[in-house]
Amino acid sequence: MDHNSSETKKVVTRFAPSPTGFMHIGGVRTALFAYLYARKNNGTFILRIEDTDKEREVPGSIDHIQNSLRWLGITWDYGPGMETPFGSCIQSERLPLYIEFAHKLIEKGLAYPDPYTPEEVAAFKETAIAEKRPFLIRDHRPESFCTWDGTKPLRLKVPEIKRYVWQDVVRGELSAGPEMLDDVVLIKSDGYPTYNFAHIIDDLLMGVTHIMRADEFISSMPKFLSIYDALEIPYPVFVTLPPILRDDRTKKLGKRDGAKDILDYRADGYLPSAMMNFLALTGWNPGTEQEVFSHDELITAFDITKIQKAGAAFNEEKLLWMNRQHLNLLTPEEFATFLTPAIPASFKSAPQYNNETLARLVPTIRERINTLTEFQAEVEHGEYDWAFTAPTYDTDILKWKNDTDVKQARPRLQKALELLKNADFSSSETIKATLWPYAEEVGKGELLWPLRVCLSGKVQSPDPFTLAYTIGQLETLARIQSACDKIGE
RNA sequence: GGUCCCAUCGUCUAACGGCUAGGACAUCAGGUUUUCAUCCUGAAAAUCGGAGUUCGAUUCUCCGUGGGAUCACCA
């Protein structure tokens, strides 16, 4: 049998999740690598649903998986509900195929019904543990096989007990001893196939050439390989992906260990392009110093030989940085579209709210956030209250640090008021041009500090030119006047 | 415990067996016209340990150590 079928076939990859809940970072990264490799090679990418465990199935998962992939821009050529040359992409709709292949193995004498009850199997296992030796069901394989009526689990008769050695694109040569080889269940007593069996049949029938999956499957490889051998079918190319570790590196990132639903990142205001870029860079690198990639650039740059062996910790801070990089790539219009759904109702109910002011405020927001969640947190802290509400503040904070009395600010504000009455408010630059000569004359902090504070009401805020431009001339003049009044004599 | 995998700054990573081990995030320090933010510049920061091969080892081999995965009628 030829296990190195190296003739150039069209690349076919697949992502094969089980519908047992939401998708997290790890699952999506696996999907991404399979997708990138297929696209890179003008191949086919299949989304296959492995729903052979009806106990664990979570309703709605299939939609959720598809929505997650769509959000990221990962498209599939064949998937659930689609017309394909190989039948359904949902395993529960392919049951007759698995049974057919099971019978092939039975005919070859390489599969047999398990004669034991679950209790008996458990007893064998207990004995083995007590005797401190590995438990292998094949040690209890019956002398002769009875016929399979479908009510008992169907087990593989491992064709050859041996050490398996195989090639992996990422890890190189791998091997495992015969202890890892056993008569695995192919078809469960409920008539559904196990993952072990079903994925191999489907990969064969769907023409899958490259299998990308996480390294938790390495230890099962001898079992898989023995099934390929029993079926006498060639191995696909194995591409083992490194695990994504929790940020403290103590263990693999998983649903029980704080891994978030990938769609939560959408809700938090991450861009799909940033998430894709970030995911691509955990466990892979382009070999250059480029770090920011668009979707198309990733496809071009992707190279499976540069996938890492070692696990990578999930670094949320770098994801934040990545999101900013991608935010920076947006046009002003795209950014406004991105931001709009997150604008809180409190903005619209503020006394001076209007769309023009909001439009002038957006660039300021853009400069200060990495995600929409950050924007919402800033809004909650009142960071942008000045835009639509005349500020209230203690007169004291108008005092510049070099002054001895807040009253010293008053003549400067009055001068600014005078200058701004005839100023060009078409941009923050023109406002700055109007005030700058006087600021240099009287001292920058001496003018700019009280001016900024009286416009924002805050010790920390954007610069006064931006504030004035955003709130407009009338409101600017009113707020300066109000400050002068507050200071009094 | 058995089996297997992995190991470069705190984190993600680069380095045909050959410059001073490079870049990014985070951190710290300066600067960018007043504060915050942005931006720029700079600094500190790593080859897990021990043998071996070699003129020369982050790189190859072995041992140790550490971490991870897996041992289901789950995928």
Side-chain angles (χ1 to χ4, degrees), chain A residues 16-20 50-53 55-56 114 118 121 125 129 132-137 152-155 168 171 174-182 184-196 198-199 213-223 240 242-243 245 247-252 278 281-292 306 308-322 324 328 364-369 378 383 397 400-402 432 436 439-440 443-453 456 458-464 466:
Chain A
S18 59
T20 51
E50 310 218 323
D51 59 338
T52 55
D53 183 355
E55 294 285 312
R56 292 203 317 151
D114 186 338
V121 175
K125 192 170 183 175
I129 290 169
K132 292 191 170 157
R133 54 181 172 81
F135 167 66
L136 292 167
I137 192 77
K152 289 277 191 181
L154 186 74
R155 287 187 183 274
D168 185 283
R171 308 289 177 111
L174 296 174
S175 67
E179 309 80 12
M180 295 309 294
L181 218 42
D182 203 3
V184 291
V185 170
L186 304 173
I187 306 286
K188 296 179 272 184
S189 57
D190 63 4
Y192 283 82
T194 58
Y195 166 81
N196 300 332
H199 89 272
R213 62 184 157 203
D215 68 350
E216 72 223 40
F217 289 98
I218 290 183
S219 54
S220 306
M221 279 299 286
K223 289 167 185 161
T240 295
L245 276 15
D247 57 1
D248 57 6
R249 293 194 62 99
T250 54
K251 53 159 50 173
K252 214 181 107 158
F278 173 77
L281 257 28
T282 101
W284 172 81
N285 77 87
T288 65
E289 289 188 352
Q290 182 180 357
E291 298 215 56
V292 179
K306 289 191 158 63
Q308 298 293 319
K309 289 188 182 74
F314 175 64
N315 185 344
E316 195 135 12
E317 286 190 317
K318 191 146 189 179
L319 171 60
L320 220 46
W321 171 83
M322 185 63 81
R324 170 167 278 283
N328 289 346
T364 302
I365 295 170
R366 178 172 186 157
E367 185 180 284
R368 311 169 88 81
I369 63 165
E378 289 184 350
E383 294 292 322
I397 66 171
W400 173 237
K401 64 182 178 185
N402 294 345
K432 178 178 168 185
W436 199 246
E440 294 211 297
K444 290 168 218 156
E446 278 75 2
L447 172 66
L448 269 19
W449 176 272
L451 183 59
R452 189 177 57 71
V453 170
S456 68
K458 300 174 77 66
V459 176
Q460 296 178 345
S461 77
D463 67 80
T466 300

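Keep in mind that this is a model prediction, so the values were computed, not measured. Chain A is the first sequence line, chain B the second, and so forth, proteins listed ahead of strands; every chain is numbered from 1.
When the side-chain nitrogen and oxygen atoms of W449(A) are compared with OP1 and OP2 of rU34(B), none of them lie within a distance under 4.0 Å. A sub-4.0 Å separation between OP1 or OP2 of rU35(B) and a side-chain N or O of K401(A) is absent. An OP1 or OP2 oxygen of rA14(B) is reached within less than 4.0 angstrom by a side-chain nitrogen or oxygen of Q308(A). Using a 4.0 Å cut-off, some side-chain N or O of K125(A) falls inside it from OP1 or OP2 of rA72(B). Phosphate proximity of rC74(B) to T52(A): absent, as no side-chain N or O sits under 4.0 Å from OP1 or OP2. Residue N315(A) has no polar side-chain atom (N or O) positioned under 4.0 Å from OP1 or OP2 of rC12(B).
Atom name C1', nucleotides rA57(B) and rU61(B): the rounded distance is 12 Å, in whole Å. Nucleotides rA7(B) and rC60(B) place their P atoms 9 Å apart, quoted to the nearest Å. Between rU38(B) and rG50(B), the distance separating the two P atoms is 43 Å to the nearest Å. Comparing rC25(B) with rG68(B), their P atoms sit 29 Å apart, to the nearest whole Å.
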Exercise answer: donor-acceptor pairs, residues 308-321 of chain A side-chain atoms, under 3.5 Å, sequence neighbours excluded:
{"residue": "N315(A)", "atom": "OD1", "partner": "E317(A)", "partner atom": "N", "Å": "3.1"}
{"residue": "N315(A)", "atom": "OD1", "partner": "K318(A)", "partner atom": "N", "Å": "3.3"}
{"residue": "K318(A)", "atom": "NZ", "partner": "E291(A)", "partner atom": "OE1", "Å": "3.2"}

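Taking the side-chain contact (heavy atoms from CB on, under 4.5 Å) definition, one finds that P19(A) meets it with I49(A), D51(A), E57(A), S61(A), I62(A), sequence neighbours left out. The ring-ring contact (aromatic ring centres under 6.0 Å, His included) search around Y195(A) returns H199(A), F217(A), F224(A), not counting sequence neighbours. In this structure, the side-chain contact (heavy atoms from CB on, under 4.5 Å) partners of K152(A), at least two apart in sequence or on a different chain, are P113(A). Under the side-chain contact (heavy atoms from CB on, under 4.5 Å) criterion, S219(A) pairs with M180(A), not counting sequence neighbours. Not a single side-chain hydrogen bond (donor to acceptor under 3.5 Å, both in side chains) links N402(A) to another residue, sequence neighbours left out.
The backbone N or O of V185(A) sits less than 3.5 Å from a side-chain atom of T194(A), completing a donor-acceptor pair. Without hydrogens or angle criteria, W449(A) side chain to I397(A) main chain gives a donor-acceptor distance under 3.5 Å.
Sequence order on RNA chain B of the closest nucleotides to K132(A) and F135(A) puts K132(A) first from the 5' end.
Contact annotation: side chain of K309(A) to base of rA7(B), donor-acceptor pair absent below 3.5 Å.
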Got a list of protein N/O to nucleotides 36-38 of chain B N/O distances below 3.5 Å?
{"residue": "rC36(B)", "atom": "O2", "partner": "R368(A)", "partner atom": "NH1", "Å": "3.2"}
{"residue": "rC36(B)", "atom": "O2", "partner": "R368(A)", "partner atom": "NH2", "Å": "2.0"}
{"residue": "rC36(B)", "atom": "N3", "partner": "S461(A)", "partner atom": "O", "Å": "3.3"}
{"residue": "rA37(B)", "atom": "O2'", "partner": "E367(A)", "partner atom": "O", "Å": "3.1"}
{"residue": "rA37(B)", "atom": "N3", "partner": "E367(A)", "partner atom": "OE2", "Å": "2.3"}

Which protein N or O atoms sit under 3.5 Å from an N or O of nucleotides 62-70 of chain B?
{"residue": "rG68(B)", "atom": "OP1", "partner": "T250(A)", "partner atom": "O", "Å": "2.4"}
{"residue": "rA69(B)", "atom": "OP1", "partner": "K252(A)", "partner atom": "N", "Å": "3.4"}
{"residue": "rU70(B)", "atom": "O4'", "partner": "S219(A)", "partner atom": "OG", "Å": "3.2"}
{"residue": "rU70(B)", "atom": "O2'", "partner": "S219(A)", "partner atom": "OG", "Å": "3.1"}

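Pairs engaging residues 213-222 of chain A under the salt bridge (Lys or Arg N to Asp or Glu O under 4.0 Å) rule: R171(A)-D215(A), E216(A)-K252(A) [sequence neighbours left out].
The residue P242(A) sits apart from the nucleic acid: no heavy atom pair falls under 4.0 Å.
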